[in-house]
Amino acid sequence: MLSAKILERSGYLRKQCPLCKSYFWTLRHDQVYCGDQPCVPYGFIGSPPVKVAVDSLTELRERFLRFFERRSHARIKRYPVVARWRDDVYLVGASIYDFQPWVTSGAVPPPANPLVISQPSIRLTDVDKVGRSGRHLTGFEMMAHHAFNYPDKYVYWIDETTEYAYEFFTKELGIPPEEITFKESMWEGGGNAGECYEVLVRGLEVATLVFMHYETKEGKYVELPLKIVDTGYGLERIYWLLKGTPTIYDAVFGPFLDRARQKLGVPEPPAEVMGKASIYFGQMDPEVIGLEKAYDLIAEKIGVDGKWLREVFRPQEALYVLADHSRTVSWMIADGVIPSNSGAGYLARLLIRRILKNLKLAGIEAPLVELIDMHLKELKADYPEVWAARDLILELVDLEERKYKEMLKSAPTVVKKALDEARRKGAASLSPDDLVALYDSFGLPPEIVADVAKTQGVEVKVPDDFYSRLAARHAKKEKQPESTLVEMAKVIDLPRTRELFYEDPYMRSFKAKVLRVVDGKYVVLDQTAFYAEGGGQPGDVGVLKYSGGAAKVVDVQRVGHVIVHVVEGQPPPEGAEVVGEIDWERRYALMKMHTGTHVLIQSIRRVLGPHIWQAGAQKDIPSSRLDVTHYKLPTPEEVAEIERLANSTVQANLPVYVKIMPRNEAEAKYGFILYQGGVVPAREIRVVQIGPDSDPYDVQACGGTHLKSTGEIGIIKIQKVERIADGVVRFIFTTGLHALSYIQELERQLGQAAQVSGGSRDNVVEAVKRLASRAEEAERKWRRYAELYAKQLAQSLKAEQVGRYKLAVVELDDEDLAKKVAEETTGKDKDLVLVVLGGNKLSIFTGGVDVAPIVKSLREVGFRGGGSRTFAQGVYSGDVKTLIDALRKALS
RNA sequence: GGGCCGGUAGUCUAGCGGAAGGAUGCCCGCCUUGCACGCGGGUGAUCCCGGGUUCGAAUCCCGGCCGGUCCA
């Protein structure tokens with residue numbers, strides 16, 4: 001039982017729902033059901049529970065935040081929707097995501113305690129229901145207050161949290177207490193769990209109050225030292241409740257929908273029908289009973305024609321999808337997501353394609369860019385950062401729309417091909433498996449396939465379970481856990497290795513003591529200057545010298561809190577004193593690469609735009625690579641500009657500072673742009689800053705070894721840019737002396753090319769062009785003469801009459817020429833059998849003579865080969881004369 | 001990161017073990033006041049690259065590269 005003082009004090013009763021068996025608290029003696037979907041229908045549509053003047057989402061959000069500020073919560077700025085501080089999810093799906101895992105695990109203190117926030121969140125789990133159910137959104141704001149209770153610092157818990165909710169809904173919003181139901185439930189997610197209240201008003205869940213205090217381990221609940229108040233108030237849901245509109249979309253996107261309807265000439269939906277449908281839709285799950293059946297059921301309940309209902313609904317649904325998805329996509333792009341075929345980018349593409357598909361199926365023809373631009377103007381006030389990314393959003397949407405149209409254009413051909421194939425196999429239409437294959441390989445949604453097939457006169461039935469079939473095809477494979485170099489258990493008792501490479505990145509040799517040797521090749525020291533692989537920088541190599549020998553260090557890895565040296569040769573004995581020497585030339589080159597990477601990504605960002613984020617990087621010699629998010633291959637001019645900017649930064653010889661900072665402080669000061677290299681798992685993070693405090697060029701969280709100043713990089717040379725995936729561009733570059741070698745190599749090749757082409761270095765291009773045109777000319781001439789020669793040969797060909805056929809034998813080594821001769825002769829004379837001999841190869845060309853019996857007889861005398869009706873080819877062994885005789889015999 | 005599909009004239013596409021075919025474009029001519037259409041002729045392809053199987057590979061197999069798409 002989950003109880004709260006405010007409920008008991010106010011006279012709430014605890015009851016059990018006869019349908020879902022949940023326990024709930026209510027003031028109404030006559031309330032039987034829990035008040036949640038699907039046990040009860042919505043009761044607020046057309047008649048909201050209060051007449052309170054809340055005119056916009058902005059106002060509601062502000063009232064919520066102020067309400068908690070007045071109750072001593074610190075207001076926190078919203079986090080990005082892209083969860084760059086986590087490696088387990090792409091997008092933020094709830095306000096608590098902002099604090100997982102570092103705060104929730106207790107490793108990092110929260111930015112304030114208690115705090116209040118309104119966090120834009122994205123959830124794609126119910127994406128198929130958006131636009132249809134009347135209440136599902138892919139993007140929403142979760143308004144939340146959080147309190148983190150530590151063993152030594154208590155903030156507040158169930159009683160206060162419930163009272164806040166009670167007061168917010170009753171006093172701030174003026175909802176009568178008897179309208180509010182608190183349903184008890186259990187919440188689980190992200191490895192944590194706890195009891196919770198679902199706050200319900202007239203059938204709509206408007207908030208969830210989670211009391212998180214368990215960790216889930218092997219299916220069991222383990223009490224956490226930290227007790228976290230995790231609440232979520234749905235901004236859009238509450239606004240809908242207050243407005244009582246037929247769907248949540250009408251409430252949230254009302255002004256936009258009006259303008260869109262006007263522009264597209266889509267009539268206002270009949271509010272009463274929409275409202276009723278929304279209520280019924282809320283109570284059924286179209287995935288389970290099937291969408292078509294759901295429509296029919298609803299039509300029946302409302303008392304209208306099913307076909308009519310569909311016609312009314314389809315364009316409205318399309319607009320709802322447009323409104324919801326376009327806001328979500330805008331959030332994503334503004335946060336640096338580039339639509340692509342993998343990663344978070346795929347999710348953005350998915351949403352854009354869903355919009356396009358729905359508009360098309362509803363028969364709405366309008367450029368998506370214009371519709372989205374219209375929406376952006378509505379979003380401007382609430383989301384200024386979205387407005388700032390307007391140009392990028394529109395460009396990317398336009399790009400996606402064009403790609404999608406391109407795909408649709410290919411649809412008739414693809415569908416026709418699939419139909420032909422199906423017919424060949426004896427099927428009259430496309431099977432569900434065919435549809436899945438078409439979607440998988442070409443991205444053609446089954447509805448569109450059905451549409452296209454119809455125009456080709458074939459009915460295709462789209463199965464209701466299409467998407468689960470698709471899922472089955474992509475059944476997950478077991479991911480094998482990454483094996484660590486050395487079993488953690490074998491080094492867990494050792495003290496943390498002292499990291500000399502951080503204390504002095506320029507240290508080349510050091511003295512240390514051998515603490516342990518595992519399996520004769522893994523050496524752990526008490527301290528080391530060998531950098532352990534991490535952050536895209538390879539581990540160092542070098543040597544460990546000790547009295548009586550030396551061992552080569554070939555790799556260095558972190559295992560837990562110690563650093564393991566992988567050695568070849570006789571390892572030093574445990575307890576020995578060693579002198580470690582690192583391969584400084586290599587290491588120094590890698591430092592140039594690493595600092596160079598930071599300079600480069602910032603230069604790319606400054607040239608191409610703020611949507612540039614690191615998508616991966618590997619430092620190596622002689623070349624390194626840096627993958628960034630960008631939607632097209634940069635032009636040679638852009639690359640040149642990036643190089644110029646990067647090298648002027650090198651020349652400016654900016655200082656490079658490394659600071660260890662508390663996570664919250666660093667995030668507050670620099671923002672999430674810190675996390676270019678991925679997740680940094682620590683309470684304190686290592687910040688690498690290039691340039692002075694007053695005007696830093698670049699700041700990143702990074703665990704690598706860096707130079708003291710950018711001048712040491714020497715030079716940054718981009719060698720190649722390539723698109724490794726949609727939305728990801730790879731820069732291959734080099735620095736320092738490796739860059740010099742590269743340039744020298746280019747020069748050497750240029751010199752050679754000049755020599756071969758007979759020009760000088762200054763005019764190689766001219767010389768090569770000349771060569772190419774000469775080659776072309778020669779080719780043309782060769783063709784002409786070959787043609788002439790073939791004609792000549794054809795004319796001088798002596799054919800002997802054999803039976804009713806003519807036989808000609810010619811010796812030719814050139815297959816192309818032989819073909820030409822054959823064209824000349826067999827085309828004119830249908831009775832001619834032309835035999836071309838070349839080496840031990842033999843070809844027979846005829847104009848119309850069946851070659852099969854000839855080949856058969858030739859095989860008997862050493863010929864191996866075959867061919868079509870009028871052509872044969874093969875090799876022979878033995879005497880030519882025998883062969884020709886056999887031929888004559890076969891012909892006559 | 002993984003699965004699926006594909007890569008043949010400038011562009012689109014057929015062929016899927018036996019002489020690389022069509023459409024469109026381009027060039028020339030005819031028709032026309034001119035353009036477009038129409039007609040006749042011509043031009044244009046290392047069948048993505050490398051290896052293997054075969055007498056013979058665009059076609060089958062293996063490995064790359066590139067593109068598309070779906071799923072994480």
Side-chain angles (χ1 to χ4, degrees), chain A residues 87-91 124-125 127 339-347 349-350 353-354 400 402-404 406-414 416-418 420-421 424 433-446 448-449 466-480 482 615-616 627 633 720 722-728 730 775-776 779-780 783-784 787 790 815-827 834 836 838-848 851-852 855 858-859 862-877:
Chain A
D87 57 8
D88 53 339
V89 290
Y90 292 120
L91 302 167
L124 298 183
T125 40
V127 66
S340 78
N341 62 349
S342 62
Y346 175 66
L347 303 178
R349 171 168 290 172
L350 182 81
R353 296 209 160 178
R354 278 183 52 86
E400 286 299 308
R402 268 186 282 155
K403 277 190 185 212
Y404 189 75
E406 201 62 39
M407 188 197 79
L408 286 185
K409 236 172 68 186
S410 71
T413 326
V414 172
K416 189 176 181 301
K417 224 185 246 182
D420 288 347
E421 181 70 13
R424 221 171 45 81
D433 281 345
D434 293 335
L435 289 177
V436 171
L438 284 174
Y439 185 62
D440 232 12
S441 303
F442 303 102
L444 281 175
I448 301 232
V449 173
F466 178 79
Y467 289 93
S468 44
R469 276 170 188 269
L470 190 70
R473 193 175 161 115
H474 291 280
K476 270 186 224 160
K477 267 188 228 157
E478 286 286 315
K479 261 188 198 166
Q480 46 200 34
E482 271 180 59
D627 301 340
L633 199 64
K720 194 180 176 189
E722 54 187 348
R723 264 163 51 102
I724 58 163
D726 246 4
V728 182
R730 171 167 294 173
E776 212 178 307
E779 171 84 14
R780 246 200 313 273
R783 258 178 219 285
R784 213 163 54 231
E787 207 79 47
E815 262 183 72
D816 285 336
L817 198 55
K819 273 181 202 166
K820 281 186 199 300
V821 175
E823 273 167 30
E824 282 293 327
T825 53
T826 58
L834 176 69
V836 179
N840 65 335
K841 281 188 186 159
L842 180 150
S843 312
I844 304 169
F845 301 88
T846 78
V851 106
V855 170
L858 286 183
R859 283 218 187 90
F863 175 79
R864 288 177 64 211
S868 63
R869 260 187 89 75
T870 61
F871 170 76
Q873 195 180 47
V875 291
Y876 65 90
S877 54

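Chain identifiers are assigned alphabetically (A, B, ...) following the order of the sequence lines, protein sequences preceding nucleic acid strands; residue numbering begins at 1 within each chain.
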Take the protein atom [atom1] of [X] and the nucleotide atom [atom2] of [N], then report the distance between them rounded to whole Å.
X	N	atom1	atom2	result
A/Tyr404	B/U69	OH	P	11 Å
A/Leu842	B/G18	CG	P	19 Å
A/Leu438	B/G68	CG	P	19 Å
A/Glu400	B/G68	CD	C1'	13 Å
A/Ile448	B/U69	CD1	P	14 Å
A/Lys841	B/G56	NZ	P	7 Å
A/Asp440	B/C70	CG	C1'	4 Å
A/Asp627	B/G1	CG	P	9 Å

If you check every side-chain atom of [X], which of [options] has the closest atom?
X	options	answer
A/Thr870	B/A19, B/G18, B/C70	B/A19
A/Tyr439	B/C66, B/C70, B/A72	B/C70
A/Phe442	B/C5, B/A72, B/C70	B/C5
A/Phe871	B/C5, B/G18, B/A72	B/G18
A/Gln873	B/A20, B/G56, B/U69	B/G56
A/Phe845	B/A19, B/G3, B/C5	B/A19
A/Arg353	B/G3, B/A20, B/U69	B/U69
A/Ser868	B/G56, B/A19, B/C70	B/A19
A/Ser441	B/A19, B/C5, B/C66	B/C5

Answer whether the closest heavy-atom distance between the side chains of A/Val855 and A/Phe863 falls below 4.5 Å.
-> yes
A/Phe845 side chain reached by A/Val836 side chain, heavy atoms, under 4.5 Å = yes
When all nucleic acid strands are considered with a 4.0 Å heavy-atom cut-off, which category describes [X]: base, sugar-phosphate, or nothing?
X	value
A/Arg349	sugar-phosphate
A/Thr846	base
A/Arg869	nothing
A/Thr826	base

For A/Thr870 and A/Thr846, run side-chain contact (heavy atoms from CB on, under 4.5 Å): C-alpha distance rounded to whole Å, both residues' side-chain angles, the deciding distance at 0.1 Å, then the answer.
-> CA-CA 5 Å; A/Thr870 61; A/Thr846 78; 3.4 Å; yes
Using the [atom1] atom in both, what is the distance from [N] to [M], to the nearest Å?
N	M	atom1	result
B/U13	B/G7	P	9 Å
B/U43	B/C28	C1'	10 Å
B/C62	B/C5	P	12 Å
B/G17	B/C47	C1'	15 Å
B/G18	B/U54	C1'	12 Å
B/U46	B/A9	P	7 Å
B/U24	B/A45	C1'	16 Å
B/A58	B/G42	P	26 Å

Keeping the roles fixed (side chain from A/Arg859, backbone from A/Gly865), state whether a donor-acceptor pair exists under 3.5 Å.
-> yes
Under 3.5 Å, is there a donor-acceptor pair between the side chain of A/Arg353 and the main chain of A/Gly443?
-> no
What is the base-pairing partner of [N], counting Watson-Crick and G-U wobble geometry with both distances under 3.5 Å?
N	answer
B/C31	none
B/C12	B/G22
B/C47	none
B/G17	none
B/G1	B/C71
B/G56	none

Closest heavy-atom pair and its distance - A/Lys841, A/Val875 | CG-CG1, 4.1 Å
Applying side-chain contact (heavy atoms from CB on, under 4.5 Å), run through A/Ile844 and A/Leu858 and close with a yes or a no.
-> CA-CA 11 Å; A/Ile844 304 169; A/Leu858 286 183; 3.7 Å; yes
A/Leu347 or A/Gly867, whichever maps to the more 5' nucleotide of RNA chain B = A/Gly867
Would you mind telling me which residue lines up with the more 5' stretch of RNA chain B, A/Glu823 or A/Leu444, judged by nearest nucleotide?
-> A/Glu823
Separation between OH (A/Tyr404) and CD1 (A/Ile448), nearest 0.5 Å, reads 4.0 Å
Ignoring backbone atoms, establish whether A/Lys403 has a side-chain N or O less than 4.0 Å from OP1 or OP2 of B/G68.
-> yes
Contact under 4.0 Å: A/Lys819 side-chain N or O vs B/A20 OP1/OP2 | yes
